[in-house]
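Here's the structure, in structure tokens; my notes come after.
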Number of protein chains: 2
Amino acid sequence: MKLAKSAKSQKRVLDAAAKMFRDYGYAGTTMRAIADEADLKAGSIYYHYKSKDELITAVLDIGINAVISSVEDALHALPETATGRERIETAVRAHLSAIIKIGDYTLATRRVFGQVPEAIRLKNTKLRDTYGAIWQKILTDAHARGEFKTNANLTLARLFILGALNWTVEWYKPGGRTIDDVARDFTAVVIDGIANPCGVIHSAADDNQQAQARAN
Amino acid sequence: MKLAKSAKSQKRVLDAAAKMFRDYGYAGTTMRAIADEADLKAGSIYYHYKSKDELITAVLDIGINAVISSVEDALHALPETATGRERIETAVRAHLSAIIKIGDYTLATRRVFGQVPEAIRLKNTKLRDTYGAIWQKILTDAHARGEFKTNANLTLARLFILGALNWTVEWYKPGGRTIDDVARDFTAVVIDGIANPCGVIHSAADDNQQAQARAN
DNA sequence: TCAATTTTCTAACTAGTGTTAGGTTTTTTA
DNA sequence: TAAAAAACCTAACACTAGTTAGAAAATTGA
């Protein structure tokens with residue numbers, strides 16, 4: 001292995017950068033702070049990355065690509081016959097799993113995206129569109145199969161789903177609710193809503209266990 | 001009027017600060033850039049605000065307070081008998097209206113919040129909790145009246161709603177869909193879901209007008 | 001109008017920024 | 001083990017940051 005050590009340091013630098021960008025934003029993160037976090041001197045970073053911009057680009061790309069490929073893989077593993085509900089729940093679960101695994105990168109992506117030089121942002125926007133298209137396809141396919149209301153506003157539904165998903169990274173902490181639980185309940189809201197179905201009125205007897213966490 | 005001119009300049013500085021923080025983040029925004037935007041010199045800002053931190057604090061507070069009071073006012077204007085659905089739709093509409101009106105502040109709030117010095121963030125977090133509590137009350141009240149499924153996960157529903165709402169600021173642009181439309185469809189998704197109700201299968205004949213906008 | 005007050009500007013200070021060139025140390029190769 | 005390559009460090013560069021003191025300009029009140 002010729003690049004063994006180099007690769008290791010490079011990853012350390014990248015991880016440190018993601019963490020710092022996440023906490024302090026693009027301009028708020030200094031090369032010296034990244035270096036400290038990665039147990040290096042600032043000058044040494046330039047052996048691995050040509051510039052700060054190249055670093056943030058790498059972090060942004062990893063952040064979205066991890067989510068995209070996680071979701072795509074999970075969807076491809078489903079049988080052709082999978083319903084829209086199954087696909088949505090699967091995609092939500094994959095999205096959350098990816099976020100947990102590389103939380104620093106996705107959070108950095110979300111927080112820093114709006115502040116990065118325009119050229120960098122444009123490159124990254126394509127990836128974001130790709131991800132949006134994946135969701136749009138899930139929805140339109142299921143809609144075409146008659147699984148959804150004829151008059152459902154799918155574009156708006158997608159924006160809501162992605163918005164809510166993007167936001168999970170702000171409140172979801174491992175150790176609380178499991179990913180499976182969140183994915184199931186999340187899907188239930190989107191698919192079925194929270195209202196009593198078909199006018200059936202249930203009694204509201206047992207409803208006192210929801211007053212706990214209020215992360216936001 | 002003794003403070004007429006001072007008040008005007010102060011507002012110009014504040015507006016400029018919101019816009020700059022929105023685009024370049026906390027550390028990425030310089031006092032000189034704010035001054036330029038406000039037609040002032042950097043040093044003059046300090047006549048109105050003691051420091052950069054005091055500026056960002058003001059912007060953050062305005063951003064959330066505007067949303068909170070807009071939503072609270074709209075809710076109080078509703079009759080006692082209003083259903084959960086009506087309350088949700090009303091709150092969504094008020095939230096969106098506030099965002100449109102002071103978009104720079106809310107966007108700045110959302111983008112900058114994670115990068116601001118901890119002391120400032122803590123003060124602002126209380127306001128955020130207040131807003132979360134408003135939504136939680138809407139949901140639990142309606143739930144207690146039997147309007148929602150007994151087993152609905154209200155906490156998750158709230159996180160979903162707030163996440164999606166927080167995200168609207170990224171894609172909603174005046175001139176496209178009206179606020180009323182968005183609020184109605186948004187509520188429909190949350191309340192009823194997008195699935196065909198009660199197993200009724202509609203034909204998916206007319207479903208080809210959704211392939212337009214894909215903002216995310 | 002003219003003195004008092006408010007508002008703004010100028011010019012500078014210190015501290016910290018991304019980046020680089022060239023030297024040192026560590027690791028690999030033969 | 002000695003030479004070559006890779007990885008890292010040091011010290012500095014030009015520049016920009018937030019902030020301040022004091023002078024200048026604009027506004028106000030009598």
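Side chains are part of it too, since the values below use all heavy atoms of this structure and drop only hydrogens, waters and symmetry mates.
For the pair A:Ser51 and C:dG18, the criterion of a side-chain N or O lying under 4.0 Å from OP1 or OP2 is not met. Applying the 4.0 Å criterion to OP1 and OP2 of C:dT8, one finds that B:His48 has a side-chain N or O inside that range. Between B:Ser44 and C:dT7 there is no side-chain polar atom (N or O) within less than 4.0 angstrom of OP1 or OP2. At least one side-chain nitrogen or oxygen of A:Tyr47 sits closer than 4.0 Å to the OP1 or OP2 atom of D:dA7.
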Task: Criterion side chain to side chain contact (heavy atoms under 4.5 Å, CB included) on B:Val71 and B:Tyr131, from CA distance to verdict - done: CA-CA 9 Å; B:Val71 170; B:Tyr131 190 57; 3.6 Å; yes

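Both tests hold for A:Arg128 against A:Phe113: distance to the six-membered ring centre under 6.0 Å, angle to the ring axis within 45°.
Using a 3.5 Å distance cut-off with no hydrogens or angles, the side chains of A:Tyr26 and A:Asp53 do pair a donor with an acceptor.
Contacts with DNA chain C (heavy atom under 4.0 Å) in residues 21-32 of chain A: A:Thr29, A:Thr30, A:Met31, A:Arg32, listed by number. Residues from residues 33-41 of chain B placing a heavy atom under 4.0 Å of any atom in DNA chain D do not occur.
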What pairs of nitrogen or oxygen atoms, one from the protein and one from nucleotides 22-24 of chain C, lie under 3.5 Å apart?
none

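Comparing C:dT8, C:dG18, D:dA7 by their closest approach to the side chain of A:Lys52 singles out C:dG18. Among the nucleotides D:dA6, C:dT19, D:dT20, the one closest to any side-chain atom of A:Tyr46 is C:dT19. Closest to the side chain of A:Ala42, out of D:dA7, C:dT8, C:dT19, is C:dT19.
Evaluation of the salt bridge (charged side-chain N to carboxylate O under 4.0 Å, His left out) rule for A:Arg184 yields A:Asp181 as partners, not counting sequence neighbours. Considering only residues two or more places apart in sequence or on other chains, A:Phe186 meets the ring-ring contact (aromatic ring centres under 6.0 Å, His included) condition with B:Phe160. Not counting sequence neighbours, B:Lys101 has no partner by the salt bridge (charged side-chain N to carboxylate O under 4.0 Å, His left out) test.
To the nearest angstrom, P of C:dT20 lies 11 Å from NZ of A:Lys50.
Between A:Phe148 and A:His143, the ring planes lie tilted relative to each other; the angle falls in the 30° to 60° range.
Checked for salt-bridge contact, B:Glu147 and B:Arg87 miss the test: no charged N lies under 4.0 Å from a carboxylate O. Salt-bridge formation is not detected for the pair B:Lys19/B:Asp104: no Lys NZ or Arg NE/NH1/NH2 atom is positioned less than 4.0 Å from an Asp or Glu carboxylate oxygen. Comment: B:Asp180 engages B:Arg93 in a salt bridge, judged by a side-chain N to carboxylate O separation of less than 4.0 angstrom. Salt bridge status for B:Asp192 with B:Arg85: present, with a side-chain N to carboxylate O gap under 4.0 Å.
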